[in-house]
Amino acid sequence: MSPTEALRMTKTVGEYLLGGGAVSQFEKVLRGQVDERDDRVVYLIDYYFRDGALARRLPLKPADTILYIDTTDEPTTEAIDKLVADLRPGATVKAIVGIGGGATLDSAKAASNLLTNGGAAADYQGWDLVPKAGVFKIGVPTLSGTGAEASRTCVMMNQAKNMKLGMNSDHTVFDRLVLDPELTATVPRGQYFFTGMDTYIHCVESLAGRYRHAFADACSHQALRLSREVFLADDMLSPENRENLMIASFLGGSAIGNSYVGVVHPFSAGLSMVLHTHHCVGNCIVMNVMDDFYPRATEEFRRMVDVHAIEIPRGLCRDLSEQKYRALFEATIIHAKPLANALGEDFRKILTYDKVVEIFRLM
Ligand SMILES: [Fe+2]
């Protein structure tokens, strides 16, 4: 692409409250947006926190709504439409808060856009299709790695179109964030590793891509440095490493907001669509067989897996029906932007049906 074609407006998160215990000072994040007692705030909280202990730390008012989000499956366009339909009755929503991992944060971002723009979630899947700003939105990550807190997308599965795609828009970016590393203290080790690796993979893909610029590169380099510090250390869950990973995730998400991912995410999206594999586990399954595309990173990834004795699932695509391989191929190859970023506009000549199936069989 020409230099002028590559130029586009870019938005990043405006303000954030960072530090251990920040979530207990939530009223600071609402200030200026939610000042009246009857201003309604919607809190979408990962159902992992459904015992209510986390909610009790929030400045809740009678007008507010708390919904616990079931994240067993990744968000679908249908689930988001239902969520928004449930939120519409009652007072106008002044702010929407997502507290959780990538799925919960993405649900909050999508709901925010739909509450002001109307229509259905699927209408806005793509690039720059959201006409106006959503409801004021605040993100509180309780898992580090997806970069959903920083990115300009919210990924949803669209079963009708066999496609996993986000609302890629400046309007999808959170207005404010609470980055509280204490919230990740209880994350199980495996989940911490898989999710954290998402940011490592984002940066590897971004730095190996064709659509690059200095801002994305700077974010990626720094996020990679922090990820290595975390995942090559013996104690990846130390307070210092949890803070490092939270910042790495934020920087990694900022990087892909300004460039694109590469080969790993399209294959991982294929796994999600066809076999319902979760995003971060799927990425790791794919990263484990990326020797042809990212040889040094694949080797480094395996070293990190070894340091923490993480079990990467294997064999899930070894013996599938022809129909399933065809579906995996279609759900992968549809991601033209990241694949062209990684392999050039002629990526279909490299990723033929046979090659794609060969890669899936390795997983
Ligand atoms: Fe990702």
Side-chain angles (χ1 to χ4, degrees), residues 13 71 73-75 98 100-110 125 127 139 141-157 163-168 172-174 184 187 190-209 211 216 219-220 223-224 226-227 230-231 245-273 275-290 293-294 297-298 301 304 312 331-332 334-335 337-339 341-342 363:
V13 176
T71 51
D73 295 312
E74 299 198 324
T104 311
L105 297 179
D106 279 1
S107 299
K109 289 153 91 173
Q125 281 183 301
W127 269 261
T142 61
L143 265 175
S144 299
T146 66
E149 66 278 22
S151 71
R152 66 193 292 284
T153 191
C154 49
V155 182
M156 294 162 292
M157 294 203 283
M163 178 181 77
K164 185 176 175 178
L165 191 60
M167 297 179 186
N168 242 293
T172 305
V173 178
F174 278 116
T184 63
V187 179
Q191 194 177 15
Y192 182 86
F193 182 90
F194 288 126
T195 313
M197 224 18 96
D198 196 11
T199 207
Y200 174 83
I201 293 168
H202 287 156
C203 298
V204 165
E205 289 177 289
S206 176
L207 287 170
Y211 311 136
C219 290
S220 295
L224 268 185
L226 290 166
S227 312
V230 172
F231 291 113
L245 192 59
M246 194 161 261
I247 299 306
S249 175
F250 177 70
L251 292 173
S254 304
I256 47 162
N258 292 281
S259 63
Y260 296 110
V261 286
V263 179
V264 182
H265 274 72
F267 274 87
S268 174
L271 289 177
S272 285
M273 282 311 303
L275 303 175
H276 309 289
T277 313
H278 275 213
H279 179 70
C280 299
V281 178
N283 283 344
C284 288
I285 292 170
V286 177
M287 193 68 219
N288 212 16
V289 300
M290 284 286 106
F293 302 100
Y294 306 107
T298 305
F301 166 78
M304 293 169 173
I312 306 292
T332 301
I334 199 167
H335 295 278
K337 273 180 197 269
L339 291 174
N341 181 39
M363 291 176 195

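Each ligand, and each atom within it, is numbered from 1 in the order the structure gives.
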With a 3.5 Å cut-off and sequence neighbours excluded, list the donor-acceptor pairs that the side chains of residues 100-108 form with protein atoms.
{"residue": "Asp106", "atom": "OD2", "partner": "Val155", "partner atom": "N", "Å": "2.9"}
{"residue": "Ser107", "atom": "OG", "partner": "Ala103", "partner atom": "O", "Å": "2.8"}

Donor-acceptor contacts, no H, no angles, side chain residues 246-253, under 3.5 Å, sequence neighbours left out:
{"residue": "Ser249", "atom": "OG", "partner": "Gly145", "partner atom": "N", "Å": "2.9"}
{"residue": "Ser249", "atom": "OG", "partner": "Gly147", "partner atom": "N", "Å": "3.2"}
{"residue": "Ser249", "atom": "OG", "partner": "Glu149", "partner atom": "OE2", "Å": "2.6"}

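At a cut-off of 2.8 Å, His279 coordinates the Fe ion (ligand 1) through an N, O or S atom.
With the Fe ion (ligand 1) at the apex, His265 NE2 and Asp198 OD1 define an angle of roughly 90° (rounded to 10 degrees).
For the side-chain contact (heavy atoms from CB on, under 4.5 Å) with Cys280, the qualifying choice from Asp198, Thr199, Leu143 is Asp198, the only one to do so.
Contact of the Asn283 side chain with the Phe301 side chain is not registered, since no non-hydrogen atoms from C-beta on lie closer than 4.5 Å.
His202 contributes atom NE2 as its closest N/O/S atom to the Fe ion (ligand 1).
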